[in-house]
2 protein chains.
Amino acid sequence: MTSTTTIWDTIAAELNGIEIITDPTQLAKLSLDYYHFSPILEAQLKDKRGNLVVRPATEAEVMQVAKTCVKHKVPLTVRGAGTGNYGQCIPLEGGVILDTTKMNQIRWIKPGLACVEPGVRMAAFDKQAREIGWELRMAPSTYRTATIGGFIGGGSVGMGSITYGQLRDRGNLRALRVVTLEDEPRVIQLRGDEVQKVNHAYGTNGIITELEIPLAPAYPWAEIIVAFDEFMTAAQFGQALSDSDGIVKKMVSIHAWPIPSYFAALQSYLPQGKHCALLMVSETDLEPLQELVREYGGEITYNKTAQEASKGTSILEFTWNHTTLHARSVDPNLTYLQTFYFTLDRVEHMYHHFGDELAIHLEFLRFGGKAIPAGLQLFRFTTEERLNEIIRYHEENGTGIANPHTYILEDGGRKTIDPEQLAFKKLVDPYGLMNPGKMRAWSQMTND
Amino acid sequence: MTSTTTIWDTIAAELNGIEIITDPTQLAKLSLDYYHFSPILEAQLKDKRGNLVVRPATEAEVMQVAKTCVKHKVPLTVRGAGTGNYGQCIPLEGGVILDTTKMNQIRWIKPGLACVEPGVRMAAFDKQAREIGWELRMAPSTYRTATIGGFIGGGSVGMGSITYGQLRDRGNLRALRVVTLEDEPRVIQLRGDEVQKVNHAYGTNGIITELEIPLAPAYPWAEIIVAFDEFMTAAQFGQALSDSDGIVKKMVSIHAWPIPSYFAALQSYLPQGKHCALLMVSETDLEPLQELVREYGGEITYNKTAQEASKGTSILEFTWNHTTLHARSVDPNLTYLQTFYFTLDRVEHMYHHFGDELAIHLEFLRFGGKAIPAGLQLFRFTTEERLNEIIRYHEENGTGIANPHTYILEDGGRKTIDPEQLAFKKLVDPYGLMNPGKMRAWSQMTND
């Protein structure tokens, strides 16, 4: 080796035959995600870069990458499409970025279940699954580009959660194959509750190479917008629809004015000053939906059949964190919170308490068997102090905050250390090479 | 006419061309239902008989029957298969019994929706619907013989209610055609919320001649029995399964010992002294179900695939009010209550309060979006006073009793007069000929 040869050149050479990316522009792009929705994360993460990106196409190649990283004790960060918002896949300490998007084989699809590689894109998967009448149980608003493995690693809920709950709920992930970062990397298979060791762990404890996932019947999903004069009426309608066991739905998304004003492409369906509901409901259940809309005094302004909806942009892409995306394209100072309100009383309290400072955006989802309002409220960022005050006020009033302004696994949604995930990390990543700095439990243990 | 010619001979003659039954044995059989589960109803109803049974095969024939009954001002009582338990279709004042079982045409079945005549039997319907992957959203334990029209007229919940809620929930019945008992009978079509005018009205306000109903995806339903050492653990397991959004199920039925001892055909799967859960769960979700069973310390003693289950007697026929049927075949002094406990706390309270006097049988169902335990508890009948004391204690402690010991519509489940149903009855049955004595609102109005 000459003196200009770096460890990265060595690693690249050792991984000969596997696609490697070192071009700085590409490297920058493949080091980041949609962390910039948060001004806090923006400042913390914008300069973080991996040293090289590797794109294995098979599990055997993943094993090879794992072995090389362990040999050189360099960090390894796994990414899918990089559509997360918490810097889940941004390497804090550089190193190798393992991009899974070439591992995009669907192993099999049968009624109710499928087996895929992690890099399979969700919309592409559904296109095939729908041929036999099935689809993913849930997916984020980045459905068109997001990968299934990335959603398991970094996601938690999405469209479909109003029926199937959260990804972490028993039954929503069936089995995983993961490659370890031991001296001699191996494949571990996890089934049943064991999958929770790796589910939503930000890729800190094993490289997922295959997933078995449950499917949902693919209804013809009509896309509907309903306008309401009063925000709380819209919110109550959202709860009532979510609780309507006789109406099959996939998404119940409620937006306080002025959020609808941010949806440029939908302006003709969003009357000035009105609050709106963006819905996905089975076409066969439109008639009872219309009765419910009438009961709450709403006005249906947009009603696309599944067939029509499949041609243009889905209203999915105005909901969940796409709402924040549209808002920020109008005003880049806008950012957001993630809140489990649990009850409409708390929604109403916060609606009145914060007034114009916070624009409430609700997504209903099932939480332990009950439909609850969750929020991705928008507000203009001023200072970190004010952000923390807002969070504190929410927490003191009984809501649960899944803080989107931290890249630390435990500080986001769950708040507590997961001993099972930590134990599994000790086993599969004894050198702490996987996405270092993301799992607080590990950092605390190794600093002791 | 000779002096021995009765009005019934005249009516029979006027209905020439339509099947008429006057044989006393048949007349007795077709005048009754499974009212005898209640000793109170047994005493009140056992001698009630219609004067003739008519079996129209078309809506035109129904119109003819209606016109004749109005002309002669004789009572008309509509029945399906007579599998109800509250004397819904037992004629209190004699008259014509309209048996709908010859109106058994399926008009159409498409994904998610179907249109049928009232006399279509539920299991027979599903056999056809499953050919295109669909089935009824809910059905009673008398599924094999019960008719769809009868279930709408006299039923309220059943298997499937753990997902789709109650029949009365918006969306679970889409449209009806009903024939009126006006001087000139006509057909009225009801759609949307309007169907509630006739839904669960015991056939007091119009003769249903066609129904449009929503369907559910037909999963391969595995049938499972789980045994538990402690009753409350079984009950908690039932709630947990019902709240498991990631596990697709059709039935969650929990039985305190000694109820399992009444299930003769299942004895080898029901360990002595143990409490049990009878479940219908999607075959594709058995793995997460097994994890849940493990969490609650249950033991799976019976596990039939959908294929196997389709061959023998379904465990459905040991649940809902079939439980009572089996219990009474062992001890005819046993009778039952119907209770909305709403919470497990109330279940536990009643379990301890009544001890051996009441054997708790729970069926979980969705009620306004939440899974709740409902009960069809068994107890040995002593006196009407003690029965009423038991009911009163339940009501004073916050449970809702749907009293199965009354044939009065309002005194059963809903307790209150439904002004919409009363108004509709005034319109379609101005002479009060339909199933007289069943709707308290009407009786009170006409006695004023």
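Chain letters run A, B, ... following the sequence lines, proteins first and then strands; every chain starts at 1.
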Worksheet item: Quick one: which residues of residues 156-167 of chain A reach chain B at under 4.5 angstrom, heavy atoms only?
Response: A:Thr163, A:Tyr164, A:Gly165
Worksheet, complete the sentence: Most contact-rich option vs chain B, by heavy-atom pairs under 4.5 angstrom, among A:Asn172, A:Asp243, A:Leu173, is A:Asp243
Worksheet item: Between B:Arg191 and A:Glu287, is there a salt bridge with N-O shorter than 4.0 Å?
Response: yes
Practice prompt. Please list, in residue-number order, every residue in residues 214-223 of chain A that has a heavy atom less than 4.5 Å from any heavy atom of chain B; write 'none' if there are none.
Written response: A:Pro217, A:Tyr219
Discussion item. For A:Glu283, which atoms come within 4.5 Å of any heavy atom of chain B: side chain, backbone, both, or neither?
Written reply: neither
Worksheet item: Do NZ/NE/NH1/NH2 and the carboxylate oxygens of B:Asp245 and A:Lys370 come within less than 4.0 Å?
Response: no
Fill in: Any B:Arg170 side-chain heavy atom under 4.5 Å of A:Pro288 side chain
yes
Worksheet item: Are side-chain heavy atoms of B:Asp285 and A:Arg174 found at a separation under 4.5 Å?
Response: yes
Worksheet item: Among B:Gly112, B:Gly368, B:Ala371, which residue forms the greatest number of heavy-atom pairs with chain A at distances under 4.5 Å?
Response: B:Gly368
Discussion item. Quick check on B:Glu295 against chain A: is it the side chain, the backbone, both or neither that has a heavy atom closer than 4.5 Å?
Written reply: side chain
